[in-house]
Novice: 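Below you will find the structure I want to go over with you.
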Amino acid sequence: MSVALNSKQKEGNYDMVSGTRYALGGGVYGWDLRRKLISRCANFLAQILLRPGASDLTGSFRWLPPLLSAGPAVISSLLPLPNPCRLYKKEVLQDLISKCVSKGYVFQMEMVVRARELGYSVGEVPISFVDRVYGESKLGGMEIVSYAKGLLQLFATT
């Protein structure tokens, strides 16, 4: 994954590159129909309200401290890279972090929306998301309500 992100970044000198489940060549595996519908609907609503110019706002990612690296910072959990993930130019990430106000799940959407709002370029690479083998999803009624509130807050403030 990191090779694809780096290649895409160099190809277009993008400020940010994001892995997406919803581009040609990407996909989701291991989810039931309910989970797929929730994800698609959440992304559809985000597209309508926020017009982010990116196809996958609801994919999660982890953060490795970016200020320790000299070049683009890969946002991810420990290697090997999971799906999806994002790559930022260091100075872009610093700028976005300083401007983002959301917490939790909505933070990942705000990063893309603020990037577009500030004129940063965003590239995408297709990823295949495979559902977790261990543990359970945290997606429940409260997370859906939290998402809706955050989406409306972003809509009102961006």
Side-chain angles (χ1 to χ4, degrees), residues 1-29 38-132 138-139 143 146-158:
M1 177 57 67
S2 62
V3 171
L5 291 169
N6 281 316
S7 294
K8 185 69 172 186
Q9 193 282 324
K10 288 177 184 171
E11 167 191 309
N13 194 28
Y14 292 104
D15 296 309
M16 171 183 167
V17 180
S18 183
T20 176
R21 300 165 289 180
Y22 301 122
L24 184 63
V28 176
Y29 303 94
I38 289 170
S39 178
R40 284 289 189 176
C41 288
N43 268 294
F44 177 75
L45 286 173
Q47 294 297 325
I48 297 295
L49 292 176
L50 304 177
R51 304 277 182 208
S55 65
D56 192 352
L57 289 186
T58 62
S60 63
F61 62 97
R62 310 285 189 279
W63 180 10
L64 279 177
L67 305 179
L68 301 178
S69 68
V74 174
I75 303 305
S76 170
S77 66
L78 298 176
L79 296 175
L81 294 174
N83 317 321
C85 59
R86 293 183 181 155
L87 179 135
Y88 298 83
K89 289 183 178 176
K90 181 179 174 182
E91 61 278 3
V92 171
L93 180 60
Q94 290 171 321
D95 188 32
L96 290 173
I97 293 285
S98 74
K99 290 178 173 58
C100 285
V101 297
S102 299
K103 304 278 188 244
Y105 191 68
V106 178
F107 173 79
Q108 60 200 345
M109 291 192 305
E110 184 178 1
M111 290 290 282
V112 177
V113 172
R114 296 269 181 228
R116 286 288 186 193
E117 184 180 69
L118 295 167
Y120 292 124
S121 58
V122 179
E124 293 186 311
V125 295
I127 58 103
S128 296
F129 181 88
V130 179
D131 197 17
R132 70 186 74 216
K138 297 177 215 160
L139 182 63
E143 286 73 24
S146 176
Y147 168 82
K149 285 180 182 178
L151 182 63
L152 292 174
Q153 181 181 13
L154 279 176
F155 176 69
T157 61
T158 58

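A quick note: this is a predicted structure, and the numbers were derived from the prediction, not measured. All values below come from the heavy atoms of this structure, side chains included, with hydrogens, waters and symmetry mates left out.
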Novice: Show me the donor-acceptor pairs within less than 3.5 Å that the side chains of residues 151-158 make with the rest of the protein, sequence neighbours left out.
Specialist:
residue: T157; atom: OG1; partner: Q153; partner atom: O; Å: 2.9
residue: T158; atom: OG1; partner: L154; partner atom: O; Å: 2.6

Novice: How close do S128 and G25 get, heavy atom to heavy atom, and via which atoms?
Specialist: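 Minimum heavy-atom contact is OG-O, 4.3 Å.
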Novice: Using the side-chain contact (heavy atoms from CB on, under 4.5 Å) criterion, which residues pair with A148? Sequence neighbours excluded.
Specialist: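 With sequence neighbours excluded, A148 shows a side-chain contact (heavy atoms from CB on, under 4.5 Å) to no residue whatsoever.
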Novice: Distance-only check: which donor-acceptor pairs under 3.5 Å involve side-chain atoms of residues 38-49, not counting sequence neighbours?
Specialist:
residue: S39; atom: OG; partner: Y22; partner atom: OH; Å: 2.3
residue: N43; atom: OD1; partner: L57; partner atom: N; Å: 2.8
residue: N43; atom: ND2; partner: S39; partner atom: O; Å: 3.3
residue: N43; atom: ND2; partner: T58; partner atom: OG1; Å: 2.7
residue: Q47; atom: NE2; partner: A54; partner atom: O; Å: 2.5

Novice: Roughly how far, to the nearest 0.5 Å, is the CD atom of Q108 from the SG atom of C100?
Specialist: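 Rounded to the nearest 0.5 Å, the SG-CD separation comes to 11.5 Å.
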Novice: Could you go through residues 109-125 and list every donor-acceptor pair under 3.5 Å that involves a side-chain atom there, pairing it with any protein atom two or more places apart or in another chain?
Specialist:
residue: E110; atom: OE1; partner: V101; partner atom: N; Å: 3.2
residue: E110; atom: OE1; partner: S102; partner atom: N; Å: 2.7
residue: E110; atom: OE1; partner: S102; partner atom: OG; Å: 2.5
residue: E110; atom: OE2; partner: V101; partner atom: N; Å: 3.1
residue: E110; atom: OE2; partner: R114; partner atom: NE; Å: 2.8
residue: E110; atom: OE2; partner: R114; partner atom: NH2; Å: 3.1
residue: R114; atom: NH1; partner: E117; partner atom: OE1; Å: 3.0
residue: R116; atom: NE; partner: P52; partner atom: O; Å: 3.0
residue: R116; atom: NH2; partner: G53; partner atom: O; Å: 2.7
residue: Y120; atom: OH; partner: D95; partner atom: OD2; Å: 2.5
residue: S121; atom: OG; partner: D15; partner atom: N; Å: 3.0
residue: S121; atom: OG; partner: D15; partner atom: OD2; Å: 3.3
residue: E124; atom: OE1; partner: S55; partner atom: OG; Å: 3.2
residue: E124; atom: OE2; partner: S55; partner atom: N; Å: 2.7
residue: E124; atom: OE2; partner: S55; partner atom: OG; Å: 3.1

Novice: What distance separates M16 CE from K89 NZ, expressed to the nearest 0.5 Å?
Specialist: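 The NZ atom of K89 is 13.0 Å from CE of M16, to the nearest 0.5 Å.
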Novice: What pairs meet the salt bridge (Lys or Arg N to Asp or Glu O under 4.0 Å) rule with one or both residues in residues 147-158, with sequence neighbours excluded?
Specialist: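 Listed once each, the pairs would be none.
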Novice: Nearest 0.5 Å, what's the CZ-OG1 distance between F129 and T20?
Specialist: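 Interatomic distance, F129 CZ to T20 OG1, rounded to 0.5 Å: 12.5 Å.
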